[in-house]
Amino acid sequence: MGGEKSRPVNPPKILSEEWRKMKWNGKNNDLQYIKNYKPHNSELQHLRILLHGPVGAGKSSFINSVDTLLQGRMTSRALADATSAASFTKTYRTFKIQKGGPEVFYPFAFTDIMGLEKTMSHPNEKHRGVKVEDIILAMKGHVKDGYKFNPESSLSEHDHDYNIVPTLNDKVHVLLSVIDASKMEPLCDDIIKQMRTIRLAASAMGIPQMAILTKIDEACPVVKGNMRNVYKSSRLKEQMEKVSVYLGIPLYCIFPVKNYHSETQTDDDVDALILAALKQMIDFGEDYVNNLQTC
Ligand SMILES: Nc1nc2c(ncn2[C@@H]2O[C@H](COP(=O)(O)OP(=O)(O)OP(=O)(O)O)[C@@H](O)[C@H]2O)c(=O)[nH]1
Ligand SMILES: [Mg+2]
């Protein structure tokens, strides 16, 4: 990341103990907690979790992974792509997850958006990623579902897709930064700056923030071999500490995950990591909405 580019990456080591305690057999408890979750505020249909981060970081794949986990079968509603150089996701889209019957949903939803790209240095070059201004508008609830992002100009009040009077349900309740653990070194200062600007805007609105570190299988061979090494991997610990320093997100708000991307069946250890992150998103979002009521 940024100034880290020239520093060689240390070979991964397995630490003798987990540096963060993880209940590997606690999947059922976490799953039950999520299944039982009901927002305290009756106005709230769903907690809205907005994902943002560099192109190809695994945003859409994370949404699919949560969907897969909760449905208990592989799903791919948020289309992900292995090859695109520019962001594959181009529109603002909210994903609700079905719970039982066709019209019954979990009371949380994910908003998938276009990825961030480095700002072009030459005036003739066209910017290709989502604009920071659009993400800030999205957090305030001004972006309508289906809006197609325009990397060259942000949404304006006069636009058809501008929601003039956002309700509590349109606003974002948790901001989730998504970072690829296997590609942190090429992340440039410019992307970090954009992510910090977004985070600061979220802070000003009191929106809680978290980060997930994806592709931990690609980032560390000892984790690829056994997911339970995740908190024993010296490399992942370093990567999480870097995310914390560069984005200013406390370590306890950063979760390593492996998304479902090539498998045909779910796995309890992969699920346990995703559930741990999801549980914190729900707790943070719920607290935020309840504090809004009392403010
Ligand atoms: N090995 C591995 N691959 C992953 C993981 N998560 C995502 N991928 C792959 O990474 C690629 C990009 O994932 P996407 O989910 O499309 O990323 P995105 O952040 O939505 O990208 P844009 O929409 O283009 O901004 C896809 O080929 C995924 O299959 C992971 O945890 N491990
Ligand atoms: Mg995407």
Side-chain angles (χ1 to χ4, degrees), residues 12 49-69 74-95 109-118 127-132 134-135 138 143 145-151 175-184 186-188 190-191 194-195 198 210-227 229-230 233 235-236 239-240 243 247 254-267 269-278:
I49 301 158
L50 176 78
L51 288 85
H52 81 120
V55 167
K59 300 178 288 299
S60 304
S61 300
F62 180 72
I63 298 172
N64 287 333
S65 299
V66 173
D67 198 14
T68 292
L69 189 168
M74 292 298 148
T75 65
S76 60
R77 288 194 305 144
L79 292 178
D81 184 71
T83 51
S84 58
S87 185
F88 186 67
T89 304
K90 310 258 187 245
T91 52
Y92 178 96
R93 196 168 157 207
T94 300
F95 290 87
F110 294 96
T111 300
D112 195 14
I113 60 169
M114 191 179 204
L116 290 163
E117 291 238 18
K118 188 172 178 281
H127 183 63
R128 298 192 306 174
V130 61
K131 286 193 90 69
V132 167
D134 275 347
I135 300 185
V143 182
D145 227 55
Y147 168 62
K148 192 166 183 306
F149 290 101
N150 178 354
L175 177 70
L176 182 65
S177 302
V178 184
I179 303 282
D180 176 346
S182 69
K183 287 211 191 99
M184 271 179 49
L187 258 191
C188 63
D190 181 64
I191 298 257
Q194 293 183 49
M195 292 188 80
I198 295 161
M210 293 177 51
I212 51 170
L213 208 61
T214 59
K215 308 197 193 179
I216 54 174
D217 53 322
E218 282 186 2
C220 182
V222 300
V223 173
K224 188 172 189 165
N226 180 1
M227 277 298 133
N229 283 332
V230 65
S233 154
R235 176 169 294 167
L236 284 185
Q239 303 291 63
M240 288 170 68
V243 171
L247 299 185
I254 304 176
F255 288 80
V257 295
K258 197 201 92 58
N259 288 323
Y260 287 117
H261 70 107
S262 63
E263 28 296 87
T264 52
Q265 280 181 333
T266 58
D267 173 280
D269 293 340
V270 169
D271 283 355
L273 289 170
I274 296 171
L275 283 169
L278 184 59

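Just follow the structure's listing: the first ligand is 1, and inside any ligand the first atom is 1.
Counting heavy atoms closer than 4.0 Å to ligand 1, residue Thr89 contributes atoms from both its backbone and its side chain. Counting heavy atoms under 4.0 Å from ligand 1, residue Glu218 touches it through the side chain alone.
Taking every non-hydrogen atom of Lys258 and a distance limit under 4.0 Å, the qualifying atoms of ligand 1 come out as 31 (O). Close contacts between ligand 1 and Gly115 involve ligand atoms 25 (O) [criterion: under 4.0 Å to a heavy atom]. Listed by atom number, the atoms of ligand 1 under 4.0 Å from Ser61 heavy atoms are 6 (N), 7 (C), 13 (O), 14 (P), 15 (O), 28 (C).
Between Val257 and ligand 1, no N or O atom pair is found at a separation short of 3.5 Å. In terms of polar-atom proximity, Phe88 is counted as a contact of ligand 1, with an N or O under 3.5 Å from an N or O of the ligand.
Summarising the contacts of atom 30 (C) of ligand 1 with Met114, Lys224, Lys215, the nearest heavy atom is found in Lys215. Comparing Val55, Asn259, Ile113 against atom 6 (N) of ligand 1, the shortest heavy-atom distance belongs to Asn259.
Here Lys118 does not pair with Asp190 in a salt bridge; the nearest charged N to carboxylate O distance is not below 4.0 Å.
Between the Thr266 side chain and the Leu69 main chain, no donor and acceptor come within less than 3.5 Å of each other.
Of the angles at the Mg ion (ligand 2), the one spanning OG1 of Thr89 and OG of Ser60 is 90° when given to 10°.
Side chains of Asp145 and Thr94: a donor on one and an acceptor on the other come within 3.5 Å.
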